[in-house]
Amino acid sequence: SLKCIKVNNDQLASIPLDWKKPENAKYALDCKKLDLTYVPDDNFEKVLIEMGYDDELDDYVLTENISDVFVRLKELQSKDNRILIHPYEGVHITQGTATLGLEMHEQCQDLDVVVVAIGGGGLISGIVTVMKKLSPQTQIIGVEPEKAALLSGEEWSPHKIQGWTPDFIPEVLDPSVIDKLVTVTDEESMQVARDLATHEGIFCGISCGATMAGALKIAEDAPNGSTFCVMLPDTGERYLSTPLFDEISEDSDDDWLAEQ
């Protein structure tokens with residue numbers, strides 16, 4: 001989620017101005033009595049989670065277009081001393097996610113394919129930074145929504161894969177380091193997420209289902225014995241109010257129980 005931090009004048013005077021340095025962003029978070037404005041994702045669970053960190057939700061914006069969110073944040077910045085910790089810009093993002101690339105290399109030697117969501121650009125960019133140096137033979141696959149396949153040259157439109165692909169290409173993302181792109185639909189993303197829970201015991205969200213759906217498409221043409229690493233970073237508990245679980249009935253399974 002996007003965060004806009006409001007500080008008083010005394011705090012602002014003591015905070016370094018270069019917010020692309022991770023140590024400065026950390027300094028801001030360490031300040032006392034900060035008012036946080038959250039712009040949550042479009043499901044109720046994530047709103048509740050973020051309210052758990054702060055019992056007062058100062059501002060709440062729901063929109064299909066992430067650019068509208070930045071318009072709102074700019075308005076907030078103009079009113080008082082607020083500093084935007086940007087999720088799509090700044091080297092601190094890739095510095096943080098690069099450790100995952102190192103972990104992949106150390107724990108999964110001789111990887112043939114790494115499949116990662118394009119998402120907001122930070123995760124895949126950080127992983128690629130390391131993998132291209134330590135394992136140049138590994139193929140990096142980026143997965144994006146069919147309805148918003150900007151890197152594939154398509155127009156952006158609203159989709160149900162939460163957390164993926166804003167209506168612009170993030171500054172933090174370098175498309176040239178991605179070896180291949182694959183697109184997935186909303187429907188197959190949710191179906192694969194359900195299949196992961198039913199058949200593999202992996203209870204994940206829509207975006208994880210989308211990433212795995214992309215991996216399955218790549219696996220169809222991969223040589224026998226290829227080793228894949230597929231990033232599934234979220235849990236299904238955050239998506240109970242979304243279309244992912246529309247097919248689950250709240251009623252008792254009396255008919256099924258009677259057959260057992």
Side-chain angles (χ1 to χ4, degrees), residues 41-43 45-46 97 99-101 103-128 130-131 135 137-152 154 157-166 170 173 175 177-248:
D41 291 288
D42 55 349
N43 73 51
E45 289 82 10
K46 292 186 179 181
T97 58
T99 58
L100 292 173
E103 188 176 348
M104 281 184 186
H105 179 70
E106 292 177 344
Q107 298 190 18
C108 308
Q109 295 292 326
D110 302 320
L111 280 174
D112 296 302
V113 182
V114 172
V115 184
V116 190
I118 297 298
L123 181 62
I124 191 169
S125 297
I127 289 172
V128 168
V130 173
M131 292 300 296
S135 184
Q137 78 282 359
T138 301
Q139 189 178 30
I140 307 296
I141 307 298
V143 189
E144 57 181 348
E146 185 177 274
K147 290 183 177 180
L150 295 181
L151 296 184
S152 300
E154 302 298 331
S157 63
H159 56 86
K160 296 179 181 179
I161 307 175
Q162 296 177 12
W164 274 29
T165 313
L173 176 63
V177 298
I178 301 170
D179 296 308
K180 188 173 182 179
L181 292 167
V182 59
T183 61
V184 293
T185 66
D186 294 344
E187 293 72 23
E188 62 189 347
S189 300
M190 288 186 280
Q191 185 57 55
V192 171
R194 297 184 192 107
D195 290 343
L196 283 170
T198 303
H199 303 298
E200 303 296 338
I202 299 174
F203 190 55
C204 61
I206 301 172
S207 58
C208 293
T211 304
M212 182 58 74
L216 292 173
K217 291 182 178 182
I218 296 298
E220 290 178 356
D221 298 320
N224 289 336
S226 296
T227 303
F228 279 62
C229 180
V230 185
M231 288 292 296
L232 306 179
D234 208 354
T235 171
E237 292 175 355
R238 300 181 181 182
Y239 299 88
L240 297 175
S241 65
T242 71
L244 178 59
F245 296 105
D246 277 351
E247 298 179 5
I248 296 180

Peer 1: For residues Val116 and Ile141, determine if any side-chain heavy atom of one lies less than 4.5 Å from a side-chain heavy atom of the other.
Peer 2: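 Contact flag for Val116/Ile141 side chains = no.
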
Peer 1: Got a sec, which residues hit side chain to side chain donor-acceptor pair (under 3.5 Å) with Thr138, two or more places apart in sequence or on another chain?
Peer 2: Ser135

Peer 1: Roughly how far, to the nearest 0.5 Å, is the OG atom of Ser226 from the CG atom of Leu111?
Peer 2: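 Here the rounded value is 11.0 Å.
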
Peer 1: Quick one: closest heavy-atom pair of Ala148 and His159, and the distance?
Peer 2: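 Here Ala148 and His159 meet closest at CB-CD2, 3.6 Å.
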
Peer 1: So Thr183 and Ser152, side-chain contact (heavy atoms from CB on, under 4.5 Å) or not? Walk me through it.
Peer 2: CA-CA 8 Å; Thr183 61; Ser152 300; 4.0 Å; yes

Peer 1: side-chain contact (heavy atoms from CB on, under 4.5 Å), that's the test. Do Leu100 and Val130 meet it? Break it down for me.
Peer 2: CA-CA 9 Å; Leu100 292 173; Val130 173; over 6 Å; no

Peer 1: Determine whether Val115 and Phe228 make a side-chain contact, defined as any pair of heavy atoms from C-beta on separated by less than 4.5 Å.
Peer 2: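 A side-chain contact exists here, since the closest heavy-atom pair is under 4.5 Å.
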
Peer 1: Using 0.5 Å steps for rounding, measure from the CD atom of Gln191 to the CG atom of Asp186.
Peer 2: 13.0 Å

Peer 1: If every non-hydrogen atom of Ile124 is compared with every non-hydrogen atom of Ala117, which pair is closest and at what distance?
Peer 2: CB-O, 3.8 Å

Peer 1: Answer yes or no: is there a donor N or O on one side and an acceptor on the other, between the side chain of Glu144 and the main chain of Leu151, under 3.5 Å?
Peer 2: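 Checking the backbone N and O of Leu151 against the side chain of Glu144, a donor-acceptor pair under 3.5 Å is found.
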
Peer 1: Could you pull out all residues at least two apart from Lys160 that satisfy side chain to side chain donor-acceptor pair (under 3.5 Å)?
Peer 2: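 None.
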
Peer 1: Using modelled atom types and a 3.5 Å cut-off, is there a donor and acceptor pairing between side-chain atoms of Ser125 and backbone atoms of Gly121?
Peer 2: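 Confirmed, Ser125 side chain pairs with Gly121 backbone.
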
Peer 1: side-chain contact (heavy atoms from CB on, under 4.5 Å) between Trp164 and Val143: does it pass, once the steps are laid out?
Peer 2: CA-CA 10 Å; Trp164 274 29; Val143 189; 3.7 Å; yes

Peer 1: Any donor and acceptor pair, going by atom type alone, linking the side chain of Asp234 with main-chain N or O of Gly205 inside 3.5 Å?
Peer 2: no

Peer 1: Can you tell if the side chain of Gln139 reaches within under 4.5 Å of the side chain of Val114, non-hydrogen atoms only?
Peer 2: no

Peer 1: Less than 4.5 Å apart, side chain to side chain, heavy atoms only: is that true for Glu220 and Leu216?
Peer 2: no

Peer 1: What are the two closest non-hydrogen atoms of Gly142 and Ile118, and how far apart are they?
Peer 2: CA-CD1, 3.8 Å

Peer 1: Give, for atom NZ of Lys217 and atom CD of Glu188, the distance between the pair rounded to the nearest 0.5 Å.
Peer 2: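 These two atoms lie 3.5 Å from each other.
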
Peer 1: Could you check whether any side-chain heavy atom of Met104 comes within less than 4.5 Å of a side-chain heavy atom of Ile127, counting everything from C-beta outward?
Peer 2: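 Sidechains of Ile127 and Met104: in contact.
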
Peer 1: Output the distance between atom CD1 (Ile140) and atom SG (Cys229), rounded to the nearest 0.5 Å.
Peer 2: 9.5 Å

Peer 1: By side chain to side chain donor-acceptor pair (under 3.5 Å), which residues pair with Lys180, not counting sequence neighbours?
Peer 2: none

Peer 1: Say you draw a straight line from CD1 of Ile202 to CG of Asp195; how long is it, rounded to the nearest 0.5 Å?
Peer 2: 11.5 Å

Peer 1: Which atoms form the tightest heavy-atom contact between Ser207 and Ile161, and what is the distance?
Peer 2: CA-CG2, 3.7 Å

Peer 1: Does the Ser157 side chain pair with the main chain of Lys147, one donor and one acceptor, at a distance under 3.5 Å?
Peer 2: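 Present.
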
Peer 1: Do Val230 and Leu232 have side chains that get closer than 4.5 Å, going by heavy atoms?
Peer 2: yes

Peer 1: Please report the interatomic distance CG(Leu196) to OG1(Thr211), rounded to the nearest 0.5 Å.
Peer 2: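 Going from CG on Leu196 over to OG1 on Thr211, the span is 10.0 Å.
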
Peer 1: Would a 4.5 Å heavy-atom cut-off, applied to side chains only, mark Pro233 and Cys208 as touching?
Peer 2: yes

Peer 1: Kindly give the heavy-atom pair with the smallest separation between Cys204 and Leu244, and that separation in Å.
Peer 2: O-CD2, 3.8 Å

Peer 1: Taking C-beta and beyond as the side chain, do Thr227 and Val113 meet within less than 4.5 Å on heavy atoms?
Peer 2: no

